[in-house]
Amino acid sequence: MRHPYRKKHDLKYERLFCAVLLWALLLVTMAGCGSFQDVVPEANHLETVPGEEENLIVVGFSQLGSESVWRTANSESIQGALTRENGFFLEFNNARQKQENQIKAIRGFISQRVDYILFSPATESGWETVLQEAKEAGIPVILVDRKASLEDDSLYTAWVGSDMVSEGEKAGIWLEDYLKEEGREEEEINIVVLQGTVGSSAQLERTKGFQNIAREHPNWHILKQEPADFTTAKGKEVMEAFLMTYSDIDVVISQNDDMTFGALQAMEEEGITTGVDGEVILISFDAVREALELVSQGVINVDIECNPEQGAYILEILRKLENGETVDKENIVEEKVFTKENVDEYLETRTY
Ligand code: GZL
């Protein structure tokens, strides 16, 4: 269903003006200094604006960033689904992990009167005002991946993502089973946690999920939980600080593979071994290919999958909405747990 506003107003003259302006800008740019993106680095890789004749469904997508391999795979999954061939014009904005950039982008989508707004909230709070503006503009909002904490759930139409509390619990249950197999279930176990972006649903829910299990084990001691923003650089920095502070770490829990890569660098520099035959048990989240290779080599003990391939789910939701059908509010994607025992059968087909 096209946005009613677009039917009421003849956009022909506006479109003609925009096209002339765009050409003029392009000519100046090409004459002056390289590609369009060079002049306007914030450009969202704009293709030509869809003409009415193409009758494309225009979707504004505020992606929270490009901080991790997982995030890139998530963006590519959605861009691969919302294509012109499938009837969409996707306007993509990278917020560089800043909520204020997302709010700006969403306001831009509202003023452009897109048909749908899609976004992955960098953090859970602070969205009521801008989503109220989208609601008043009559633009449905689809949340992808992370959640927004909202009093009024009519401010969004649907959410597609993972049950991250369950992901955290899977990590705890795996650790329970592993320690039992190793005959260490009564041992005092010291744990440090590299957390994701503070206030993000991934950080909040994975932490909650693991603690749901950990509280059953008084001999498990979470020495420290420290945010490392889901990046490799920060993961290394925080792991170095852990190693300076604690000499008897038994378990490292890293809330995404990118931070795990950084933590591994820090531990390798100190000659600390991890994994199946190592001194330190290493638990990671996301299950990107590079990490699964380390699971296969026994360097990472277990990787809890967080599935970024959400494009097909979103495509189905938008098609239903276009047909006037109702959609589920919550749409949870399928996920696995990878260990040395099962990972090889999935490695070959891993696309990210
Ligand atoms: C999880 C997603 C997280 C990933 C990280 O759903 O939000 O953000 O685990 C990414 O890799 O940065």
Side-chain angles (χ1 to χ4, degrees), residues 62-75 94-102 120-126 145-147 162 164 167-168 171 190-211 222-247 249-275 278 280-295 299-306 308 352:
S62 166
Q63 178 57 290
L64 70 88
S66 47
E67 73 286 355
S68 65
V69 173
W70 187 98
R71 184 66 53 200
T72 303
N74 181 247
S75 297
N94 175 347
R96 293 173 176 69
Q97 294 221 75
K98 288 191 175 13
Q99 178 175 42
E100 62 265 26
N101 290 346
Q102 291 197 279
S120 179
T123 54
E124 289 205 350
S125 57
D145 172 30
R146 296 190 186 164
K147 293 175 181 166
S162 305
M164 289 180 260
E167 290 174 359
N190 291 329
I191 301 166
V192 292
V193 184
L194 294 157
Q195 292 186 310
T197 304
V198 177
S200 67
S201 35
Q203 176 263 326
L204 294 167
E205 295 188 0
R206 284 174 188 158
T207 300
K208 179 165 179 254
F210 181 75
Q211 287 176 340
I222 298 179
L223 302 175
K224 187 85 173 163
Q225 306 193 86
E226 197 66 35
D229 234 12
F230 287 128
T231 66
T232 298
K234 200 82 175 105
K236 181 171 191 283
E237 194 184 298
V238 169
M239 192 66 226
E240 284 167 348
F242 284 157
L243 294 172
M244 298 269 283
T245 312
Y246 306 106
S247 57
I249 296 171
D250 299 299
V251 181
V252 172
I253 296 177
S254 170
Q255 292 183 349
N256 91 324
D257 291 332
D258 297 72
M259 294 188 294
T260 301
F261 302 146
L264 277 168
Q265 289 167 19
M267 287 188 276
E268 279 156 16
E269 283 170 10
E270 294 300 315
I272 296 171
T273 57
T274 64
V280 170
I281 297 166
L282 183 51
I283 298 174
S284 191
F285 290 80
D286 278 356
V288 299
R289 185 190 179 84
E290 189 183 343
L292 293 186
E293 283 162 2
L294 293 172
V295 172
V299 174
I300 296 174
N301 290 84
V302 60
D303 208 327
I304 314 295
E305 183 179 31
C306 179
Y352 60 91

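- Within the 3.5 Å criterion, the main-chain N or O of S201 finds no donor-acceptor partner in the side chain of R146.
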Run the numbers on Q265 and T232 for side chain to side chain contact (heavy atoms under 4.5 Å, CB included), then give the verdict. CA-CA 9 Å; Q265 289 167 19; T232 298; 3.8 Å; yes
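- Remark: E237 engages K234 in a salt bridge, criterion side-chain N to carboxylate O under 4.0 Å.
- I249 is listed as a side-chain neighbour of L243, based on a closest heavy-atom distance under 4.5 Å.
- In this structure, M259 and Q195 approach most closely via the heavy-atom pair SD-O, 3.3 Å.
- Proximity of a side-chain donor or acceptor of D257 to a complementary backbone N or O of A287 within less than 3.5 Å is detected.
- By the 4.5 Å heavy-atom criterion applied to side chains, F210 and I304 are not counted as neighbours.
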Before you tell me yes or no, could you show the steps for L294 and L264 under side chain to side chain contact (heavy atoms under 4.5 Å, CB included), namely the whole-Å CA-CA distance, both residues' side-chain angles and the distance that decides it to 0.1 Å? CA-CA 11 Å; L294 293 172; L264 277 168; 3.7 Å; yes
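- The line from CZ of F261 to OG of S68 is 10.0 Å long, rounded to the nearest 0.5 Å.
- Contact between G196 and P227 at its shortest, heavy atoms only, is O-CB, 3.9 Å.
- Nearest approach of L64 to E67, heavy atoms of both residues: CD1-OE1, 3.5 Å.
- Residues D258 and F230 have side chains not in contact (no heavy-atom distance under 4.5 Å, counting atoms from C-beta outward).
- Side chains of V302 and I283 form a contact here, defined as non-hydrogen atoms less than 4.5 Å apart.
- From L223, atom CG reaches atom CD1 of I191 across 8.0 Å, with rounding to the nearest 0.5 Å.
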Going through the distances and angles, do E205 and E124 end up as a side chain to side chain contact (heavy atoms under 4.5 Å, CB included)? CA-CA 11 Å; E205 295 188 0; E124 289 205 350; 4.2 Å; yes
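- Two residues are said to be in side-chain contact when any heavy atoms from C-beta on lie closer than 4.5 Å; S120 and R71 meet this criterion.
- Side-chain atoms of Q255 and T207 form a donor-acceptor pair, as typed in the model, at a separation below 3.5 Å.
- Looking at D286, its side chain never comes within 3.5 Å of a backbone N or O of C306 through a donor-acceptor pair.
- Heavy-atom contacts from other residues, nucleotides or ligands closer than 6.0 Å to CD of E269 number more than 12.
- Atoms CD1 and OG, from I253 and S284 in turn, are 10.5 Å apart once rounded to the nearest 0.5 Å.
- No side-chain donor-acceptor contact under 3.5 Å links W70 to the backbone of N256.
- With sequence neighbours left out, the side chain to side chain contact (heavy atoms under 4.5 Å, CB included) criterion links V280 to V252, M267, I272, T274.
- Among all heavy-atom pairs drawn from Q102 and A122, the shortest one is OE1-N, 2.9 Å.
- Of all heavy-atom pairs spanning K224 and F242, the tightest one is CG-CE2, 3.4 Å.
- Counting only heavy atoms from C-beta outward, the side chains of Q97 and D229 approach each other to under 4.5 Å.
- Side-chain contact between T260 and I300 is present, with at least one heavy-atom pair separated by less than 4.5 Å.
- Minimum heavy-atom separation, D303 to A291: OD2-CB, 3.2 Å.
- Between E167 and R206 there is a salt bridge, since at least one side-chain N of the basic residue sits less than 4.0 Å from a carboxylate O of the acidic one.
- Counting heavy atoms from C-beta on, the side chains of N74 and Y352 never come closer than 4.5 Å.
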